[in-house]
Structures are given as C-alpha cells and as structure tokens.
Amino acid sequence: MNRTPVYPRGVAHLLGADGVSLTIGTRTLFDDVSLGLDDGDRVGVVGPNGAGKSTLLRLLAGTALPDGGRVTRVGGSRLGMLDQRDDAAPGATVLDLVHGDDATHTWASDARIREVHTGLLADLDLDQPATTLSGGQRRRVALAALLVQDPDVLLLDEPSNHLDVEGVAWLAEHLQQRYGAARGASRGQGALVVVTHDRWFLDAVCTRMWEVRGDGSGAVDGYEGGYAAYILARAERGRQAAAAAEKRDNLLRKELAWLRRGAPARTSKPKFRLDAAAALIADEPAPRDTVQLAQVATRRLGKDVLDIEDVTVTVPDRTLLDHVTWRLGPGDRFGVVGVNGAGKTTLLSLLAGRREPDGGRVRRGKTVHVAELTQDVGELDDVGHLTAVQVVDREKRTVVVGGKELTAGQLTERLGFTRERAHTPVRDLSGGERRRLQLLRLLVSEPNVLLLDEPTNDLDTDTLAAVEDLLDGWPGTLVVVSHDRYLLERVCDRQWALLGDGTLRDLPGGVEQYLELRRGATSGRAGSGLLSASPGRSSSRGDHPRPRPSGAPDRPSQPRDDDLPADASGVGSGSRSAGGPADAPAGKRAEPSAAEVRAARKTIARVERRLDRIAEEEKTLHERIAADPTAYEAVTQLDARLQELAAEREQLELEWLDAAETTG
C-alpha cells in the first residue's frame, strides 16, 4: 500500500483499518485487524509496553504502512497527530511553533484559539525561544499547535506526559467539549484516538477502548465505555475464559488419562480421540505476563525520618521554597502536585540529599535509607551493554521476598519481564521496560523511604496496577510526585501542593481542591473555605499519618494575596512593602520587623509542639474511653479532660494563625 485512500465526506464513518497486518522482525504486532472510527468516537488505546500502540496510531495517520490490508479515510477530513517527540526547529519561538506565519489578527479574534492559549500557554512568553522551554512546556506548546488546527480526526500519543495535574484536567475538558458535541450539529463532531497510561484521563474522556494485546496474536480487542468499563468487561471476559479453561482442562485430563493406558488400548481406540487430545494440548494458552511484586523487606525506621526545617531554595529568577517546614514520619504517604517549574523535583532532591538548601536545614533520621526514582531513564545508559538480569544481579544477587530467596532472574520475571526481554541488553529495552528496571533496582536495595518522581511515565496500565498494588502495601515512608490522579488517590493518604509561590500547602480536599485553588488563582476570584490550605508548615508523627482536629495548624485558613479583597492583598507574601509602617499604603498591613518575624516563628514552633502533645493525649484518652465505656465515673473524668484540651487547642490555633500572619 502506497497511500491512504480517501472517500467523500458526509458519512458518519471517518477512519478505518481493514484487515491490517504488520510484522516487525519476528514479532507480529497486528494480524488481520479491522477497526472503525466514527463521527463522535473518543477511543482510548491501552496495552502492554511494546505491544504496538504507537505503531497503530502511525498506521491510522498514514505515516507508517502495513504489510497487508489498508487504512481508509473520509475525503476532505483533516487529521492531526501528536507523537511522543516534541521537536523544534533551531531559532523557532513559541509563536512560530503554534501559529507559524499566520498574522496575529487571524487567530487572536478566534475565541476557540484564545481558549487554547489560556489553557496551555498562559504562563509562556510567545516570543520565547523554544530551546529554553522545559519538557512540560514543550509538550504544552506541541499540544497547542495541534489543537488550534482543529483537526477532524485527532490522534494523541501520550498527551499527558510531562503535563501537570491542572494541564491534564484542562485537556480532558477541552477534548470532551470539542469531540463530544451533540449529534445533529451542523458540522461533524470529529473523532479522537488517544494512547495514554493515565487512567483518570481515559475515564474522563473516552467512550470506547481498544486493547492491543501484544501477546503475539496480533489482535486488538474493542470495549465500550471508558477505562473503568473496560476493566469490568475485561474481568468478565477473563472469568468466562477461566470457566472455558477449566472445562478444557477437565477434558484434557480425561484424554491424557486415556492416552496413558496401555498400547493395545491406544491402538484399539478411534483415531479421533488422539486428534481431540492433540487439539486440546495445542489450544492451551500461553500464560499472560503478570507482574507479581511482593513486598521487599525494609530496613527499620526510627521515630525521626525526614524533617525540612525553615528551608529556602532559590534559582536565578525566583524563590522555589520560602521558609518551608515539612515533617515526614514513619509510615507517612504523601502525594505532591504542582504547576510545572514550581519545585517538585527540587523538593525530592532535598529529601534525597542530592541538593543542599540555600537556607534552613534538612534533618535525617539515623536509620533512614532513601531510594529515589528520578525521571531520567538515561541513568541506565552506563549499564546499556548489560541485560536486565545482570543489572539487578550487580545490585544484589538474591533477595528474600515473601519468605523465599529469589535470584535476579526470578525478580525480573516477577516485575513483568519475559525470559527473552530479561536477557535483552538494556540499551534495546523500551522506555517502559527501562522504567520498570529502574524501580526494581531501587527495591532490591531494601529502602525504607521511597521518593518517586513521575513513576507512571512510560508504564502500561497493567504494570501501573501492579506497581500501585506494591506501593499500596509499602510499609515505609512514601513521597510521590505525579500528575496521575489515579495513582495519587490510590497510594497516598494526603496531598500537598506547590503552587509556585514558595509555599507548600496541605490539601485536605485532595487533587480536586488543588484544581479549584488553581482555577480561583487564574480567574482572580477570591478563595473560599474549600481552598484554604497550609502555608508550608506541618508536622506528621507516628506510625500512620495522624488526622488533625478540625482547624489544626497544619491546614489553617491562612489568607493569601489571591484570597483577599483588593484593599488587603498586602498581607500575603510577594506583596510586602520595602518600607516600615510609615511607608505602608492606606488600608494595608505594615511590614513586620525582623525581630517580630523571629518571635512569631518561635511562637509557631512552640504552639506546634504543644499541639502535638495535645493530639497524643487526646488519642490516649479516646483509647481509654473505648477500652471500658461502661465505667461511668472514669468516662466522665476523661471526657472533662478532653473538653479542657479542646479549649486549649482552640486558643493555640488562634495564636498560631496570628503568628503565621506575621511571618507571611
């Protein structure tokens, strides 16, 4: 096939693959696959790493040719594709990449294009050279360039890679609106096909799913509904397959038992019995790749784990962390979200000890052993000549898992590597396989603190589920930086946000609260009680994250610039006057002196220590009441003490808020 044929517009069918087959080397990616894409379809594509998901998009786009079959497209339809490479010509600016040579007036008056600018490019200078952009910024520019073209058929390959949580949410909403118009509209809705490992995105956007099996069969299975519906349907198919397999096994046992009878019996029986047994044996399916990640023994954690105390980190153009205090205790499970460039990776580097703060200090417990998963799969380049098994074997020859001693080969198999891929040189592994190998190297070192920077990058959905299962039962301290809401809500107990203003904020309402907070900041609306969050000071101690009483200072309603009316915005950081009280404009709070700030910080530390003790005493009192609730006199005395502590806590919280306002 030399080109993709096109057909007249005006029909619901937009794009199709008819009997497509493709073999690369000795691997069969697709065998007689037929797929259809209709007006209004929003299809998510899932499957194991290396199964051929990106290749399927290239076949549909016409940039790759199948060995057999053909791809058809409606005549006059416009197709756009986002691949995983965000290349830019030397000297090109953001404006060049998004609009090319188009005059400003041709796109600036289009509300749809302005919406794309607001959603993806609001924080970028359009005249900024593309070479100065970060990975996340380049991804947003590439997306914007594609979306402003408004193609009828949109093919996206991992669009959420390098996007923050806010960017993923905006993209999902935009695609829903653009490719989800009501039927009967004057123009076609168009269609969308997206390859992504982001399960929240799949559920929010897609109405159908395609699963590229990647098991050598060359098949692509279709499912109705989003990711959740796909999982349910696949589970049901698995149940039915298991029932059929059990029936087949019973028949197999009967036939093999008959075959094991003596030679006279075999020769006297009809030949079709032998054929039936052979057919049953041949039909026995190969086991599906499973990722069985057992808990690796962890080193003991003491009471003190990692404490960031009054830390400041600056870069040439801004302050990433401004007098931030954050305490991690044994068993804490924190997720960190934030805008691109806010300092999430920097925060992990502080915890890992790879970077020293410009101010303040990071305290580490004596028994802490930190393992960090970075975003750079290039760190495996120095072992590119080794196989995956050899890389693990160099770290540790054997590891005890689930009471059994496993070799490096057995470990790689449990992490989803087939025997063939486990003995493949690292340089020839896919991005997802290299990511899995990175994680395995960490686990065999038996850490008790895990720092994960975008751990879901390049992993397929099945591997993600297995990794989540591991992290869900991880007994150590866990900090996860990720844009994957599904992962954060599954494995983390609390969420924190870096909003680019130098503070670290607790998010009692999770990712949804973060998105509301960002929307409020972007639109300039005043914040509400839902958006209140901590200005970066918290303490978490004990074997499990301890819930604070309502109003506790690790999540106070601290006013900020964007939460205050115009006449009070000077209170927040970034609006401080350089002068003293005499210089303060009318209606604005005077800048506190350095001595007042130091005194306020001491007050905060004292109050937090006392609140910690109150929380521990309250916990003990509740346990004593629960142990013997029928002892009326004792319960009455304990309850009276609880009320005293509640009154003291309320007073301390007010004192804390006053001091926090002084420190800014």
Side-chain angles (χ1 to χ4, degrees), residues 1-5 15-37 41 43-73 79 81-85 153 155-159 161 191-197 202 206 208-223 227 230 234 237 241 285-291 388 416-436 457-464:
M1 186 185 74
N2 296 321
R3 62 178 181 175
T4 300
L15 186 68
D18 183 16
V20 166
S21 298
L22 180 65
T23 300
I24 298 179
T26 60
R27 297 177 58 213
T28 298
L29 295 183
F30 306 107
D31 184 15
D32 195 27
V33 169
S34 295
L35 300 168
L37 195 63
D41 281 346
V43 180
V45 183
V46 295
N49 291 122
K53 302 185 295 294
S54 297
T55 302
L56 178 60
L57 287 194
R58 290 194 291 271
L59 289 173
L60 295 177
T63 59
L65 303 179
D67 297 331
R70 62 176 184 171
V71 175
T72 59
R73 189 170 77 241
L79 184 146
M81 178 175 172
L82 176 79
D83 59 25
Q84 296 190 42
R85 301 183 304 273
V153 178
L155 309 178
L156 301 177
D157 194 357
E158 295 292 356
N161 273 5
L192 166 72
V193 181
V194 55
V195 172
T196 182
H197 62 269
L202 289 170
C206 298
R208 293 171 57 198
M209 299 290 295
W210 292 341
E211 181 187 25
V212 182
R213 288 191 191 175
D215 57 0
S217 66
V220 178
D221 297 324
Y223 298 84
Y227 180 77
Y230 151 72
R234 198 178 77 168
R237 286 191 183 184
R288 184 182 180 90
D289 286 347
T290 59
V291 185
F417 287 91
T418 63
R419 182 161 301 185
E420 176 189 0
R421 301 304 289 173
H423 290 85
T424 298
V426 171
R427 61 174 173 267
D428 296 330
L429 296 178
S430 69
E433 288 169 329
R434 290 166 72 96
R435 197 69 170 153
R436 275 185 275 167
N457 282 356
D458 300 316
L459 296 183
D460 59 67
T461 53
D462 284 345
T463 304
L464 283 175

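Note that this is a predicted model, so its numbers are computed, not measured. Excluded from the calculations below are hydrogen atoms, water molecules and symmetry mates; all remaining heavy atoms, backbone and side chain alike, are included.
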Heavy-atom nearest pair, Ser34 first then Gly19, reads OG-N, 2.9 Å
Quick check on side chain to side chain contact (heavy atoms under 4.5 Å, CB included): which of Asp32, Val33, Thr28 does Phe30 satisfy it with? Val33
Atom pair CZ (Arg58) and NZ (Lys53), whose distance is rounded to the nearest 0.5 Å: 11.5 Å
Closest non-hydrogen atoms of Ser217 and Asp31, given as atom of the first, atom of the second and distance, are O-CB, 3.7 Å
Heavy atoms only: give me the nearest Leu65-Leu22 pair and the separation to one decimal. O-CD1, 3.9 Å
Looking at CG of Leu29 and CD1 of Ile24, how far apart are the two atoms once the value is rounded to the nearest 0.5 Å? 4.5 Å
Mind running side chain to side chain contact (heavy atoms under 4.5 Å, CB included) on Val195 and Glu158 for me, showing each step along the way? CA-CA 5 Å; Val195 172; Glu158 295 292 356; 4.2 Å; yes
Sub-4.5 Å side-chain heavy-atom contact between Asp157 and Leu155: no
Between CG of Leu464 and CZ of Arg435, what distance do you get to the nearest 0.5 Å? 10.5 Å
What's the verdict on side chain to side chain contact (heavy atoms under 4.5 Å, CB included) for Leu37 and Val43, showing C-alpha distance, side-chain angles and the deciding distance? CA-CA 8 Å; Leu37 195 63; Val43 180; 3.7 Å; yes
Roughly how far, to the nearest 0.5 Å, is the CZ atom of Arg208 from the CG atom of Leu35? 8.0 Å
Minimal heavy-atom distance between Val71 and Leu60, with the atoms involved, is CG1-O, 3.9 Å
Between Leu192 and Leu156, is there a side-chain heavy-atom distance shorter than 4.5 Å? yes
Tyr227 versus Met209, closest heavy-atom pair with distance: N-SD, 4.2 Å
Please check if the side chain of Arg213 supplies one atom and the backbone of Asp221 the other of a donor-acceptor pair under 3.5 Å. no
Indicate yes or no: at least one non-hydrogen side-chain atom of Val45 is less than 4.5 angstrom from one of Val193. yes
Face-on cation placement of Arg234 at Tyr223 ring, 6.0 Å and 45° thresholds: no
Nearest 0.5 Å, please: how far is CZ in Arg421 from CG in Leu429? 5.5 Å
Shortest non-hydrogen contact from Trp210 toward Gly222: CD1-CA, 4.2 Å
What's the separation between atom CZ in Arg70 and atom CG in Leu59, rounded to the nearest 0.5 Å? 15.0 Å
